[in-house]
Amino acid sequence: MDKKTEEFYTRLREELNNTSTWPSEYLYKFIVPTDPKKVEEVENAFDNMGAVIQTTQSKTGKYTSLSVNVMMESPESVVEKYIEVSGIEGIISL
């Protein structure tokens, strides 16, 4: 992980610690190329967590956005999940 990415996750942890009581619901937003396998990879990352996942295709159908609302235990667990899904090819985290 590069220094810029590490700094981002450090700031995110601090912000989440300061603004939320944990455990807390967290809303992840991702964009992936429209490919059932890519969408499934994101969904599988949240399998058995009680996540509510909504998908929306772009107008052109080239991309799919996923909103994932899930109860997370701590800021660290939020960051760990971001790092886990960052391995999915073509994913963009918002």
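Quick note: numbers below take in every heavy atom, side chains included, and nothing from hydrogens, waters or symmetry partners.
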Q.
With a 6.0 Å cut-off (strictly less than), is the heavy-atom count around CD of E6, excluding the residue itself, greater than 12?
A. yes
Q. Looking at I91 and V85, what are the two nearest heavy atoms and their distance?
A. CG2-O, 3.4 Å
Q. Is there a side-chain contact between Y82 and L12 (heavy atoms, below 4.5 Å)?
A. yes
Q: Determine the minimum heavy-atom distance between V70 and M49, stating which atoms define it.
A: CG2-O, 3.7 Å
Q: Give the minimum heavy-atom separation between L27 and S67, together with the two atoms involved.
A: CD1-CB, 4.1 Å
**Q.** Salt bridge present between K3 and E7 (N-O < 4.0 angstrom)
**A.** yes
Q: Would you indicate whether the side-chain heavy atoms of I83 and Y9 approach each other to under 4.5 Å?
A: yes
**Q.** Flag side-chain contact, heavy atom, 4.5 Å: F30 against I53
**A.** no
Q) Sub-3.5 Å donor-acceptor pair from the side chain of S77 to the main-chain atoms of M72, do we have one? A) no
Q) Name the one of D35, V39, I31, V42 that satisfies side-chain contact (heavy atoms from CB on, under 4.5 Å) with T64? A) V39
(Q) Looking at every non-hydrogen atom in both residues, tell me the closest pair between F46 and A51 and how far apart they are. (A) CB-CB, 3.9 Å
Q) Taking C-beta and beyond as the side chain, do V78 and Y28 meet within less than 4.5 Å on heavy atoms? A) yes
Q) For residues 69-85, which residue pairs qualify under salt bridge (charged side-chain N to carboxylate O under 4.0 Å, His left out), counting only residues two or more places apart or in two chains? A) R13-E76, K81-E84
Q: State the CD1-CD distance between I88 and E40, to the nearest 0.5 angstrom.
A: 10.5 Å
Q: Kindly give the heavy-atom pair with the smallest separation between P33 and G90, and that separation in Å.
A: CD-O, 3.5 Å
Q. Is there a donor-acceptor pair closer than 3.5 Å between any side-chain N or O of Y26 and the backbone N or O of P75?
A. no
Q. Is the number of heavy atoms from other residues, nucleotides or ligands within 6.0 Å of CD (E15) greater than 12?
A. no
